Asker: 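Before I ask anything, here is the structure I am working with.
Position 1 is the first residue of the sequence; numbering continues from there. Just so we're clear, the structure is a prediction, and the values are computed from it rather than from any experiment.
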Amino acid sequence: MRLRHTALALVVLSLLLATIGAGAPAASAAGAGDLHTSSFLAGDFLVIWRSGEGATIAYRGVPLFTANPSEFIVHRAWEDVYYRSNESEQRGRLTDAAPGKVLTVRDRSEHFRFQKRILVRPDGTLRLEYEYELLDPAEAELQVLFGVGRPWLHQSQYRLVAGGRKKQGELSVPETGRTDPWSNATEQTFVTEYGTLSISSDRGLNLLCRPGGGALWWAQALSRGETYRTVIDVRIQPGPAAETGLVLTGLEWSRRVRSGRASFRVGIARKPDGPWRIALQARPAEGGGRAGRVIEAALTDAPRTVQCSAPVAGRGRRTYQVVISDAESGEELLRLAPLDVESDPYIRAMPRLSLYTHEQRGEIIVRLADDLESEELSVIVDLPGVAAVRQPVSAHQMRLPVDLTGLGDGVTPVRCQLLRGDAVLGV
């Protein structure tokens, strides 16, 4: 007799008590109001920060400053490294300013402490304020580096003041390798189709360029016991390529996903010359994964909330983007990213072994999340034409028997339900 494989298409449970903390930053145990992640809108700026990874700032969906996990490095001749920001557990706090918002990020180790304030205003300006101090040893070197989005540098017309001398010309990022166009600039202006980006600082900044974009950085000698400060002011005047015809009024999403589906909610209105109808789609920002379905919505000059979603498979961190297009022309208007999601489903299920049609019984492995209390929990496994089986949950990993008699060849969907008592938590 020829044996034929019967694949079981397992339907992962969609829990009703699923999305946790949608749109709310995760609170740290370090103290009331302390954060490990934060995101907010201020005018046309979107700021997304995660402890140990840095901050990404976009202007009308165009990357402005990109996160560098090793933004702060304290060392001595690069032989002894005393501090790296990607190896620390920073804390953040978000407060309202007049007008705008302020994200304050701080950290303290036995060797170094710093505080960075990101002040974002709706008028197209922002300020970066740094305060830092060497705690040990007596002397060391500091390097601070953060990324600059490629659209503001590539094929730009620049003007700058470095060492008291003015310079201007045309700048392009290299196709390969790295270039270092200038150093010690206190005034920098880049004119592109996206607009005019002006950066002024009380400390000379160096620029490096790579194919994917650029970075601003400075190096500085530190002495123990002295407090240092650096201020960088940024202004953007939008250009034609940055005109979207849209006004964003809010952005929230599922930071932790227990249901296998991440939700994204965008507050949005149209400008007088903006589109009357838009299309939203949530897509994976990196390779792999599936995009959600396209959601269309009509707009007016009054803000409204539009929601889209995307499936999230397995466990672990995933990064998404929300793409907003003109529903009539299909032209992309805005891309909101990176939007990180931590996938941690309450339950996962899979066949224990390959299943064959000549077999009478099989087994499904069910795994529950470690933080899920198993008291009064049960799982129902339901196949077409087979009596449903209800099993009490006795452990966070179980083998549940499945009756295979009467199943035909091909894919057979399996329906699972998670219950606490008689209440269905999800299907």
Asker: So, Gln321 and Arg335: side-chain donor and acceptor under 3.5 Å apart, yes or no?
Answerer: yes
Asker: Give a yes or no on this: more than 12 heavy atoms of other residues, nucleotides or ligands lie within 6.0 Å of atom CZ of Arg108.
Answerer: no
Asker: Among Leu246, Val266, Ile295, find the residue that satisfies the side chain to side chain contact (heavy atoms under 4.5 Å, CB included) test when tested with Ile278.
Answerer: Leu246
Asker: Tell me, please, whether Tyr158 has Lys167 positioned over its six-membered ring: NZ or CZ under 6.0 Å from the ring centre and within 45 degrees of its axis?
Answerer: no
Asker: Would you please say whether a donor-acceptor pair under 3.5 Å links the side chains of Trp78 and Glu141?
Answerer: no
Asker: Are Glu243 and Tyr194 linked by a side-chain donor-acceptor pair shorter than 3.5 Å?
Answerer: no
Asker: Could you walk me through whether Phe65 and Trp152 satisfy the ring-ring contact (aromatic ring centres under 6.0 Å, His included) test, starting with their C-alpha distance in whole Å, then the side-chain angles of each, then the deciding distance to 0.1 Å, before giving a yes or no?
Answerer: CA-CA 10 Å; Phe65 296 140; Trp152 302 99; 9.4 Å; no
Asker: Using distance alone, with no hydrogens and no angle criterion, decide if Ser309 and Arg261 have a side-chain donor and acceptor under 3.5 Å apart.
Answerer: yes
Asker: Counting only heavy atoms not in Arg290 (residues, nucleotides, ligands), do more than 12 fall under 6.0 Å from its CZ?
Answerer: no
Asker: Assess, by modelled atom type and distance only, whether the side chains of Arg315 and Ser343 contain a donor and an acceptor separated by less than 3.5 Å.
Answerer: no
Asker: Between Thr125 and Asp123, does any side-chain donor sit less than 3.5 Å from a side-chain acceptor?
Answerer: yes
Asker: Going by distance alone, is a donor N or O of one side chain under 3.5 Å from an acceptor N or O of the other, for Tyr320 and Asp340?
Answerer: no
Asker: Does any donor atom in the side chain of Arg113 or Tyr132 lie under 3.5 Å from an acceptor atom in the other side chain?
Answerer: no
Asker: Is it the case that Arg255 places NZ or CZ above or below the six-membered ring of Trp253, under 6.0 angstrom from the centre and within 45 degrees of the axis?
Answerer: yes
Asker: Can Glu139 and Arg224 be counted as an ion pair, charged N to O under 4.0 angstrom?
Answerer: no
Asker: Cation-pi between Arg270 and Trp276: NZ/CZ under 6.0 Å from ring centre and within 45° of the ring axis?
Answerer: yes
Asker: So, Gln90 versus His36: side-chain donor-acceptor pair below 3.5 Å or not?
Answerer: no
